[in-house]
Amino acid sequence: MKKKMALVFLSLAVLCSLASCSGKKEAQGTTEAATKQLETTVKAEETEKAEEAAEKQDEQDGDSLRVISLKGPTSIGLVNLMDKTEKEGLAYSFQMEASPDALLPEFISGKADIATVPANMAAVLYQKLEKDLYVLNINTLGVLYGVSGNAEVKSFSDVNGKSIYSTGQGASPEYLMNALLKENHVAADLEFFTEPTEIAARLKENPDAIAILPEPFATATLLQNSALERKFSLTEEWNKLYAGANLPTAVTIVRKSFYEKHKATLENFLKEEKESIEAVEQDIDTTASLMVKYGILEKEELAKKAIPNCNVHFIDGEEMKKDLEKYYEVLFAADPKSVGGALPDADFYFSLG
């Protein structure tokens, strides 16, 4: 079962806003196939879970709250809490994974209680887990930037008629770019690559090319190639089109069934998470040091430069709901499968109310 789940989620990564994507020439049905495989896997997992439910519940009462996150911007907001947990012996355990295909099976199987995931993935899971899911908060806003050495490119509108390198085919970066291009009446050819490192290599060969890169990779690429500049932010372009609605990248999720049994523990975690995220904004130097300590980045100087562009923020309640609803509406219009085939219901959005 574990091996099957790992294989399924290897393809599921195409749905994720921060995940790598398949090459440009691969079949465009990848997202649909991955979604169907997710449905099959969830059903199989539920059967297995039912058989082990009693044993799991007995063990859970004495366990720490298990938090799993993606290595990168979605984990930055947790590093101060990781450090506090280590120093004060708090009842939390943390696990970081490099990709969704490693993270999601842990969450779906119940081996992890809390997860930080790309915003559109939360909507997909809500549908596939038969709505047994809360989105607790937004923990990261926009992290995508336009990078180029082309002197003619000064803003987003200047990409008209040009080719753009990007990761994220069949995932949020593609849907977001298509929406922004359409709304700005701009036409561009998106060329997709599996890894940001491939794009960096192309930019080294041709600095006049244009690329959409996520943080902290955008900052790292700029530091390594002095011919390049940060030309525009997709977050700023989003804000121009949808004033009053933030662009979410990642969210924190929990199963509703788990929350109902562990309300006090979960609500205390949310307070700790908020404090940890606020500490990122208040103390970049300490956060940069902790990012190196916990293996998110290798160098503190890179972390210090990247943190402000990673847009780590804590947003919950009605503001979270408003931001996510607009985001899901835009993605749904681009491709309904990007959010699980339907917009989430009101009960998806958690509120302490």
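Side-chain atoms are counted along with the backbone in the values below, which use heavy atoms only and exclude waters and symmetry mates. Keep in mind that what you see is a predicted model, and the values were worked out from it rather than measured.
- In this structure, L176 and V330 have side chains that are not in contact, with every pair of non-hydrogen atoms separated by 4.5 Å or more.
- Looking only at side-chain heavy atoms (C-beta outward), L65 and L90 stay at 4.5 Å or farther from each other.
- A distance-only check finds a donor-acceptor pair linking the side chain of N184 to the backbone of L180 [under 3.5 Å].
- Sequence neighbours left out, not one pair with a member in residues 164-188 passes salt bridge (Lys or Arg N to Asp or Glu O under 4.0 Å).
- With values rounded to the nearest 0.5 angstrom, L78 atom CG is found 13.5 Å from K84 atom NZ.
- With sequence neighbours excluded, the residues that form a salt bridge (charged side-chain N to carboxylate O under 4.0 Å, His left out) with K263 are E260.
- Considering only residues two or more places apart in sequence or on other chains, Q95 meets the side chain to side chain donor-acceptor pair (under 3.5 Å) condition with E97.
- The two residues D323 and A245 have their closest heavy-atom pair at OD1-CA, 3.5 Å.
- With sequence neighbours left out, Y294 forms a side chain to side chain donor-acceptor pair (under 3.5 Å) with E86.
- Scanning for ring-ring contact (aromatic ring centres under 6.0 Å, His included) contacts around F332 gives an empty result, with sequence neighbours left out.
- In this structure F232 satisfies the ring-ring contact (aromatic ring centres under 6.0 Å, His included) test together with F156, sequence neighbours excluded.
- Residues T219 and L223 have side chains in contact (heavy-atom distance under 4.5 Å, counting atoms from C-beta outward).
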message: Applying side chain to side chain contact (heavy atoms under 4.5 Å, CB included) to K293 and M82, what does each step give before you reach the verdict?
response: CA-CA 10 Å; K293 176 181 178 180; M82 292 178 188; over 6 Å; no
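- Side-chain contact between P73 and P214: absent, with no pair of heavy atoms (C-beta onward) separated by less than 4.5 Å.
- Around atom NZ of K274, no more than 12 heavy atoms belonging to other residues, nucleotides or ligands sit under 6.0 Å away.
- K231 contributes a side-chain N or O that, together with a main-chain N or O of V153, makes up a donor-acceptor pair within less than 3.5 Å.
- Between the side chain of W238 and the main chain of P248, no donor-acceptor pair closer than 3.5 Å is present.
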message: Let's go through N80 and V280 carefully: what are the C-alpha distance in whole Å and the side-chain angles of both, what is the deciding distance for side chain to side chain contact (heavy atoms under 4.5 Å, CB included) to 0.1 Å, and is it a yes or a no?
response: CA-CA 8 Å; N80 288 284; V280 174; 3.7 Å; yes
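- In this structure a side-chain-to-backbone donor-acceptor pair under 3.5 Å is present from Y175 to G170.
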- request: For side chain to side chain contact (heavy atoms under 4.5 Å, CB included), just list the numbers for I68 and M96, CA-CA rounded to whole Å, side-chain angles, deciding distance to a tenth of an Å, and then say yes or no.
  value: CA-CA 6 Å; I68 191 166; M96 276 191 291; over 6 Å; no
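- Between T116 and V251 the shortest side-chain heavy-atom distance does not fall below 4.5 Å.
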message: Applying side chain to side chain donor-acceptor pair (under 3.5 Å) to Y126 and D347, what does each step give before you reach the verdict?
response: CA-CA 10 Å; Y126 172 74; D347 66 351; 2.5 Å; yes
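- Salt bridge D345/K131: present, at least one basic N to carboxylate O contact under 4.0 Å.
- In the hydrophobic cluster analysis, where Ile, Leu, Val, Met, Phe, Trp and Tyr join through side-chain heavy atoms closer than 4.5 angstrom, L290 is grouped apart from V292.
- At least one donor-acceptor pair under 3.5 Å links the side chain of N120 to the backbone N or O of S338.
- Screening I253, L343, L133 for a side-chain contact (heavy atoms from CB on, under 4.5 Å) involving F348 leaves a single residue, L133.
- Looking at S276, its side chain never comes within 3.5 Å of a backbone N or O of E272 through a donor-acceptor pair.
- Nearest heavy-atom pair, G149 versus D208, reported as atom, atom and distance to 0.1 Å: O-OD1, 3.5 Å.
- In this structure, CG on D83 lies 9.0 Å from CD on E88, to the nearest 0.5 angstrom.
- Rounding to the nearest 0.5 angstrom, the gap separating the CG atom in L213 from the CG atom in L144 is 8.5 Å.
- Between the side chain of K111 and the backbone N or O of F107, no donor-acceptor pair lies under 3.5 Å.
- With sequence neighbours left out, the ring-ring contact (aromatic ring centres under 6.0 Å, His included) criterion links Y92 to F269.
- Looking at residues two or more places apart in sequence or on another chain, you find no ring-ring contact (aromatic ring centres under 6.0 Å, His included) involving F94.
- Taking OG1 of T197 as the start and CD1 of I199 as the end, the distance is 8.5 Å to the nearest 0.5 Å.
- Note on residues 134-149: pairs passing side-chain hydrogen bond (donor to acceptor under 3.5 Å, both in side chains), not counting sequence neighbours, are N137-T252, N137-E273, N139-T252.
- Within a 6.0 Å radius of NZ in K71, no more than 12 heavy atoms belonging to other residues, nucleotides or ligands are found.
- Two residues are said to be in side-chain contact when any heavy atoms from C-beta on lie closer than 4.5 Å; M177 and I164 meet this criterion.
- Side-chain contact of Y165 with N206: a donor-acceptor pair under 3.5 Å is absent, judged by distance alone.
- Taking CZ of R202 as the reference point, atom CD of E198 lies at 8.0 Å (rounded to 0.5 Å).
- The minimum heavy-atom distance between K322 and G244, with the atom names listed, is NZ-O, 2.8 Å.
- With hydrogens and angles ignored, the 3.5 Å screen pairs a side-chain donor or acceptor of R255 with a backbone N or O of I108.
- Side-chain atoms of T249 come within 3.5 Å of backbone N or O of L141 as a donor-acceptor pair.
- Closest heavy-atom contact between A98 and L70: C-CD2, 4.2 Å.
- The nearest pair of heavy atoms linking L297 to A303 is CD1-CA, 3.7 Å.
- In K299, the NZ atom is not crowded: 12 or fewer heavy atoms of neighbouring residues, nucleotides or ligands sit closer than 6.0 Å.
- Under the side chain to side chain donor-acceptor pair (under 3.5 Å) criterion, N160 pairs with no residue, sequence neighbours left out.
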Under 3.5 Å, side-chain donor or acceptor atoms of residues 306-321 against the rest of the protein: list the pairs with distances, not counting sequence neighbours.
unit_1	atom_1	unit_2	atom_2	d
N311	ND2	G142	O	2.5
H313	ND1	E281	OE2	2.8
E319	OE2	N246	ND2	3.3
K321	NZ	E325	OE2	2.7

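- Scanning both residues, R230 and A218, for their nearest heavy atoms gives NH1-CB, 4.1 Å.
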field: Stepwise side chain to side chain contact (heavy atoms under 4.5 Å, CB included) test for V117 and L103
entry: CA-CA 9 Å; V117 300; L103 179 152; 3.8 Å; yes
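- With respect to the salt-bridge test (charged N to carboxylate O, under 4.0 angstrom), the residues D113 and R66 qualify.
- Side chain of D158 to backbone of K154: a donor-acceptor contact under 3.5 angstrom is found.
- Taking the side chain to side chain donor-acceptor pair (under 3.5 Å) definition, one finds that K204 meets it with nothing, sequence neighbours left out.
- In summary, E215 and K305 do not engage in a salt bridge, as defined by a charged side-chain N under 4.0 Å from a carboxylate O.
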